[in-house]
Every structure is written in structure tokens, then in C-alpha cells.
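A short write-up of the structure that comes next.
All heavy atoms count here, side chains included; hydrogens, waters and symmetry mates do not. Residues: numbered from 1 along the sequence shown. The model shown is predicted, which means the values in this text are computed figures rather than measured ones.
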Amino acid sequence: MKEVDYFQIDELLSEEQLMIRNTVREFVNKEIRPVIDEAAQQHKDIPGLMQKLGAIGALGPYIPQEYGGAGLDQLSYGLIMQELEAGDSAVRSAASVQSSLVMFPIYTYGSEEQKRKFLPKLATGELIGSFGLTEPNHGSDPGAMETRLSKDGDGYILTGAKMWITNAPVCDLAVVWARDEEGKVKGIIVERGMNGFTTPETHNKWSLRASKTGELIFEDVRIPQANILPDVSSMKGPLSCLNSARYGISWGVIGAAVDCYQTALRYSLERQQFGKPVASYQLQQKKLAEFLTEITKAQLLSWRLGVLKNEGKATPQQISMAKRNNVNMALQIARESRQMLGAMGIVGEFPIMRHMMNLESVITYEGTHDIHLLITGQDITGISAF
């Protein structure tokens, strides 16, 4: 993926940030692009992906080094997500879940013992994590969760189910959210091998086909006190995780959009129709100009959001806007790019149709497009429309 930097945003990045971006880009070119079409076509994940991501520091990159992370800033995290999603949304999703939905809550709300036990192995990919919030009956309304945590002697009993969980079939542990007997939302580290804990796989997906998705089923799973996150007891816990992940998504989808844009641009310059390149026609130039404009706007939005996150000033509402805008931007570019390639746009030799199918999931998970509109609407008017 060549650089698309119409407003010279690279000048706003440090040498370290540019080096990190280029390192991940080289990884994607070497390890992901040669195998991703076959993985998506065959509906199988990439062997050893998590360990490979851990080796380049893409798992929990903003976690302090004392817990196995790289201690990077939020702009670096965003750039990593951008380059991974240029390869495939499934790759970025795997890293995003591990980083923002598993390592982030353990680091933020976990005990010192939990941090030292789990974070270093999650950072290397030795352990694979998943995040359990969405339920069969509760997607956009997670506060209505039915999964329950009941006191039982010196431990707890966990019952319920979560679904649409990235990495569920292959996870070693899951950070799960449930209500206790007082109605408080608690974070629980559920480990593979606990009796009553199963992770059936979701089959026949048309999207994110290069990663495993499944359910988390809890049938009277006994949870020791040591596996309860001690420093959270409200919806602030899971929502703060989603804020971190949504920020990463806002960067990630830029990578997918750029990959589609560059593919369409190359094809339009090479493809001859009516005696001249397709790129010479007004309607095609209009599309390309709009693609570049929207990508540039998204880059500026995510860059500014990254600066605010580094300063501790980014609001959930700002993150929500960036996630919604940038995912919608990427999906529209994927759809229009597919049209520019005509029938060739649907074959695996080109990445556009794969990106488009992936982005149909990304525009839905971690807050749908419509839910994020309502978040902004509530911020504008002070009135909840939920």
C-alpha cells in the first residue's frame, strides 16, 4: 500500500510513529496479502496469526512495557490498526479485540496479580482473548444483559450466553460482562477449561471469513474470586473498552478504504475502453476525486482524535462520530470501487469485494451506524432518542 497523504499529515507524525507504521505495512505485505484471499475464500483463519501480531508489537501496543506491551501512544496504535485493516478487517479485528477489549480492561480494572498473570502472554499472542458483551437478545442494548453472576461460597456461578464473539472458538480466556445479584455489572475473566464453558463456532459467514467467530456459553461455570476484575462495577467497564476499540476502528477502516481506492486507481489507468483508459472519463475521475477527499477527511478526523486521546481529552461522543463517519466512508468507497472494476471487482485477485463484505460487519459491530447517529444526536440536543 503506497502512501495516500493529500494534506501532508505525515508531517504531523513523529519518526517513531512513521517507523511503526512502515514496519506493520511490511508485515502485512509479507505475511497477510499473499494468503488472505485463500483464507477468506476457504473460510479459515491464518495459522499462527496472533503470535505473528505479538512478535511485531501489535497486541496491546499502548500497554506499559512492564506488563508486556510496547508502551506506545494512541496515534501509534491507530496507525497499526490502519495498516492491519489494509490487509483485512479480520486481521485488524483480531488485534483490536486482543488489545482494546481484553488487555485494556485487565490493565485498567484488573488486580496486579491479574495484570502480571495474563497481560504478558496476551501481548505475545501466546494467549488468545475474546470479549463477551453482546447477547442473543441484546445487541444495541447491552445494559439489558441477561448473563448473571451469583455468589456461591467463596466464589461465583456464571450463567448465560454471548454471541457474535471474535476469536471465541480459539480463545484461551474471555473477558465477560454480567450482572451480579445487586444488579451491578461485573467483569469476569473466564478461562478455557472451566467446567460448563463452551465456545461453539458460527459458520456460514459472508463477512470476516478469515477469522473465527462464535458464542460463549456459560452453564453454571464456577468462577473464583481471583478472576473477578476488582475495580469496576458498572456499564462504564465494557463501554470504556468499546471506546478504545472504536477509536482503533476509525483508523483501521482508512486502511481498507485506501486499499480499495488504490486498486480502483490502478485499474482505471490500465483498463482500456473506447480506445482510451477508463481513468480518462469524467465519471471515473469524479469517483476518484471523491474517494481521495473522503479518505483525507477521515485521516484528519482520526489524527485529531488520536491527539485528543493522547492528551486524555477525547470524549466517547467524539469517538462515536469518528467510528461512524469513517466506517461509512470506507464502505461507500468499497462499493463504488467495485463498480469501477466492473465484473473484475468481484474476483479474489482484487481485494475490493472482500473489503466490502468485511465492512458490512464493521459498520454494525461495536455500535451500529444508526446507534452512533443517536449518540451524536443526544450530544447535540441533550435528549435521548434511544
Side-chain angles (χ1 to χ4, degrees), residues 4 9 74-75 77-79 81-82 84-86 88-90 92-93 95-97 99-101 104 131 133-134 138-143 164 166 207-208 235-236 238-261 290-309 313-337 355-386:
V4 175
I9 299 171
Q74 291 293 319
L75 285 169
Y77 173 58
L79 291 165
M81 296 299 106
Q82 173 185 280
L84 292 179
E85 194 145 3
D88 193 81
S89 298
R92 194 270 309 147
S93 290
S96 179
V97 167
S99 300
S100 290
L101 302 183
F104 173 83
F131 174 84
L133 179 62
T134 299
H138 306 288
S140 294
D141 184 16
W164 304 120
T166 295
S207 183
L208 298 175
M235 282 300 295
K236 175 185 176 183
L239 293 181
S240 66
C241 300
L242 292 177
N243 282 332
S244 179
R246 289 165 177 170
Y247 164 72
I249 289 170
S250 82
W251 276 97
V253 294
I254 295 171
V258 168
D259 201 38
C260 291
Y261 162 71
E290 289 174 340
F291 295 170
L292 182 57
T293 301
E294 294 305 313
I295 288 169
T296 300
K297 288 157 63 176
Q299 289 172 328
L300 290 166
L301 195 60
S302 286
W303 170 80
R304 178 57 183 161
L305 187 59
V307 172
L308 290 172
K309 277 188 70 66
K313 297 178 181 178
T315 68
Q317 292 81 7
Q318 290 169 332
I319 295 169
S320 172
M321 177 182 285
K323 192 273 185 181
R324 172 183 57 81
N325 179 83
N326 290 10
V327 178
N328 187 61
M329 171 277 300
L331 184 53
Q332 296 306 319
I333 287 177
R335 289 170 176 168
E336 290 292 318
S337 296
H355 282 309
M356 182 163 58
M357 291 192 299
N358 287 339
L359 290 165
E360 289 288 355
S361 288
V362 182
I363 204 169
T364 296
Y365 69 31
E366 300 196 30
T368 68
H369 184 80
D370 290 350
I371 287 293
H372 284 298
L373 280 169
L374 295 183
I375 291 172
T376 303
Q378 181 179 10
D379 202 35
I380 293 169
T381 65
I383 302 170
S384 173
F386 293 100

For [X], side-chain contact (heavy atoms from CB on, under 4.5 Å) partners two or more places apart:
{"X": "L308", "result": "R304, E311, K313, A314, Q318"}
{"X": "D370", "result": "T368, L373"}
{"X": "T134", "result": "W164"}

Heavy-atom pair of closest approach, residues [X] and [Y]:
{"X": "M81", "Y": "A95", "result": "CE-CB, 4.0 Å"}
{"X": "G367", "Y": "K323", "result": "O-NZ, 2.9 Å"}
{"X": "C260", "Y": "I333", "result": "CB-CG2, 4.1 Å"}
{"X": "L359", "Y": "A256", "result": "CD1-CB, 4.4 Å"}
{"X": "V258", "Y": "I295", "result": "CG2-CG2, 3.9 Å"}

Quick one: salt bridge (Lys or Arg N to Asp or Glu O under 4.0 Å) pairs with a partner in residues 290-301, sequence neighbours left out?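 Residue pairs passing salt bridge (Lys or Arg N to Asp or Glu O under 4.0 Å), neighbours aside: K286-E290, E294-K297.
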For residues 358-368, pull every pair meeting salt bridge (Lys or Arg N to Asp or Glu O under 4.0 Å), keeping only residues two or more places apart or in separate chains.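 Matches after skipping sequence neighbours: R335-E360.
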If the condition is ring pair (Phe, Tyr, Trp, His ring centres under 6.0 Å), which residues does F291 pass it with, not counting sequence neighbours?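 F291 satisfies ring pair (Phe, Tyr, Trp, His ring centres under 6.0 Å) with no residue once adjacent residues are dropped.
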Apply side chain to side chain contact (heavy atoms under 4.5 Å, CB included) to the pair I319 and T315, showing each step before the final yes or no. CA-CA 6 Å; I319 295 169; T315 68; over 6 Å; no
How long is the straight-line distance from [atom2] of [Y] back to [atom1] of [X], given to the nearest 0.5 Å?
{"X": "I375", "Y": "H372", "atom1": "CD1", "atom2": "NE2", "result": "5.5 Å"}
{"X": "S244", "Y": "L239", "atom1": "OG", "atom2": "CG", "result": "13.0 Å"}
{"X": "S89", "Y": "M356", "atom1": "OG", "atom2": "CE", "result": "12.5 Å"}

Do T166 and S93 have side-chain N/O donor and acceptor atoms under 3.5 Å apart?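 The criterion, which ignores hydrogens and geometry beyond distance, is not satisfied for S93 and T166.
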For residues Y77 and S100, is any side-chain donor paired with an opposing acceptor at under 3.5 Å?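 Side chains of Y77 and S100: pair found under 3.5 Å.
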When you measure from the centre of the six-membered ring of Y247, is the NZ or CZ of K309 under 6.0 Å away and within 45° of the axis?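 Geometry flag: set, cation within 6.0 Å and 45°.
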